[in-house]
Structure formats: C-alpha cells, structure tokens
Amino acid sequence: MNAPVTTSMPRALPAEHRDRLMRIAREVSFPQGARLFEEGTRADRFWIIRTGTIDLDMRVPGRQAAVIESLRHNELLGWSWLYPPHVWHLGAEASSPVRAYEFDADAVRAMCHEDPEFGRNIATWVGEVVAHRLQTARVRLLDLYAPYGSGVRG
C-alpha cells in the first residue's frame, strides 16, 4: 500500500525547515474573484493558504477554463516557481476571501542551494504536490470531457 500524499506544509516538512521557511513569509490577503496568476506567466512566488479557497484552473480551447482542484488551509499554492523555466502551468483564482503566507521564489531557491537537506525536503514536498496535481488534473479532465464510461474509477 502506498503512503498518502503529503501536500500540506506542516505534514510535509520537518519542524526546523518549516520554521526556517516561515521566517521569510509575508502575510497577504486576496478578495473573492482575485486572479493570483495566469497560465504561461512568470512564477516568481508561491503561497501557503491560511484561510479561504483557491481554485486552480486550466485553459481549454473553445471552452470556459476548467477548475482542476480547490485548495484550502495549509496547502501549497504554486509549484512552478521551483522548476525552470519558472512559468505557471495553471491559473489560480480566489473563490472566497483568502489569507495566505507568500514566499519569494528567488529567496527560497537560494535557501535550497545553501542547505542541501532543506532543498531536498522542499523538492520532495513540491514534487509530491506536482504528482498529486497532475493526477487530479487528469481525473478532472476525464470527468469533464471524455465520453461517458471512458474514465477509470478506483
């Protein structure tokens, strides 16, 4: 049996690395309906959601953007900042008022470079989030656009 995916920061990072990361956090808030980023634009920051909900969406040619996943308390918003070319792969919109911790991507990448153990833990956490989001996107797109009965349910 596989271990559950650990996408929330408190469960994903050891206390010392959480504390180190939180020392550079900046508190921010977004009103309902605010667009945090668009697919294809520069990914120069990321967030840990404190309160509220963020919808991740994907542009679908000829259709309205498809909501892939809704993120909530303690979840990581944004992974594209870690991997070149540092461009968002999805879009994000606040579906309710949101409070979050914001992190500068350059600063965190520098911390990862300076401390390889910290960097490995960040990369493992973000990698698990990426894998989870790709699977979620696949299932959601099959639900929305595949012919009935073509998706696999587990």
Side-chain angles (χ1 to χ4, degrees), residues 2-13 21-22 24-113 119-154:
N2 292 339
V5 174
T6 307
T7 59
S8 75
M9 193 240 325
R11 291 185 306 190
L13 296 177
L21 186 60
M22 291 308 296
I24 67 164
R26 184 172 78 94
E27 292 187 35
V28 296
S29 60
F30 303 99
Q32 181 175 350
R35 291 293 292 178
L36 280 74
F37 53 83
E38 297 291 342
E39 186 176 340
T41 61
R42 185 170 176 262
D44 60 356
R45 67 197 70 209
F46 65 96
W47 302 264
I48 305 289
I49 299 170
R50 294 175 57 210
T51 63
T53 305
I54 300 283
D55 287 340
L56 295 176
D57 56 38
M58 178 181 282
R59 290 186 300 227
V60 179
R63 298 181 184 247
Q64 186 175 18
V67 173
I68 300 301
E69 186 173 10
S70 295
L71 306 179
R72 292 175 176 77
H73 179 68
N74 279 336
E75 290 195 272
L76 172 66
L77 171 59
W79 55 264
S80 301
W81 63 273
L82 186 57
Y83 305 107
H86 309 297
V87 173
W88 297 116
H89 290 80
L90 300 169
E93 183 171 310
S95 59
S96 72
V98 170
R99 291 176 31 213
Y101 295 114
E102 184 176 87
F103 301 87
D104 177 83
D106 288 336
V108 176
R109 286 192 303 265
M111 291 166 63
C112 291
H113 181 73
R120 275 191 302 278
N121 283 323
I122 293 291
T124 298
W125 170 43
V126 174
E128 287 183 1
V129 169
V130 172
H132 171 77
R133 300 257 164 86
L134 288 172
Q135 180 61 22
T136 299
R138 178 186 175 278
V139 169
R140 181 69 176 134
L141 292 173
L142 283 173
D143 285 347
L144 289 172
Y145 303 114
Y148 180 76
S150 63
V152 176
R153 293 280 184 192

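Only heavy atoms go into these numbers, but all of them, side chains included; no hydrogens, no water, no symmetry mates.
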Pair F37-R45, side chain to side chain contact (heavy atoms under 4.5 Å, CB included): steps then yes or no: CA-CA 10 Å; F37 53 83; R45 67 197 70 209; over 6 Å; no

V98/L77 under side chain to side chain contact (heavy atoms under 4.5 Å, CB included): CA gap, chis, key distance, verdict: CA-CA 12 Å; V98 170; L77 171 59; over 6 Å; no

Residue pair L56, L71: steps toward the side chain to side chain contact (heavy atoms under 4.5 Å, CB included) verdict: CA-CA 8 Å; L56 295 176; L71 306 179; 3.8 Å; yes

Verdict with supporting geometry, D57 and I68, side chain to side chain contact (heavy atoms under 4.5 Å, CB included): CA-CA 5 Å; D57 56 38; I68 300 301; 5.7 Å; no

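Contact between I54 and A92 at its shortest, heavy atoms only, is CG2-CB, 3.9 Å. When all heavy atoms of H132 and E69 are compared, the pair lying nearest together is NE2-OE2, 2.9 Å. Nearest heavy-atom pair across N121 and L13 is O-CD2, 3.6 Å. The minimum heavy-atom distance between S95 and D55, with the atom names listed, is CB-OD2, 3.4 Å. Across all non-hydrogen atoms, the minimal contact from F103 to A25 is CE2-CB, 3.5 Å. The minimum heavy-atom distance linking G78 with W88 is given by the pair CA-CZ3, 3.4 Å.
In this structure, F46 and W125 have perpendicular ring planes: the angle between them is above 60°, well past the 30° mark. Ring geometry, F30 versus W47: the interplanar angle exceeds 60°, so the pair is classed perpendicular (tilted spans 30 to 60°).
Residues R50 and E27 are paired through a salt bridge, judged by an N-O separation under 4.0 Å between the basic side chain and the carboxylate.
Every side chain to side chain contact (heavy atoms under 4.5 Å, CB included) that R26 has, sequence neighbours left out, goes to V28, E102. Taking the side chain to side chain contact (heavy atoms under 4.5 Å, CB included) definition, one finds that A131 meets it with nothing, sequence neighbours left out.
Side chain of R109 to backbone of W81: a donor-acceptor contact under 3.5 angstrom is found. Put simply, the side chain of S96 gets close to the backbone of T53: a donor and an acceptor are under 3.5 Å apart.
Separation of atoms CG (L36) and CG (L90) is listed at 13.0 Å; rounding is to 0.5 Å. Atoms CD1 and CG, on I48 and L21 in that order, are 6.5 Å from each other to the nearest 0.5 Å. Put simply, CD1 on I49 and CD on E75 are 6.5 Å apart, with the number rounded to the nearest 0.5 Å.
Looking at D104 and I24, their side chains never come closer than 4.5 Å, going by heavy atoms from C-beta outward.
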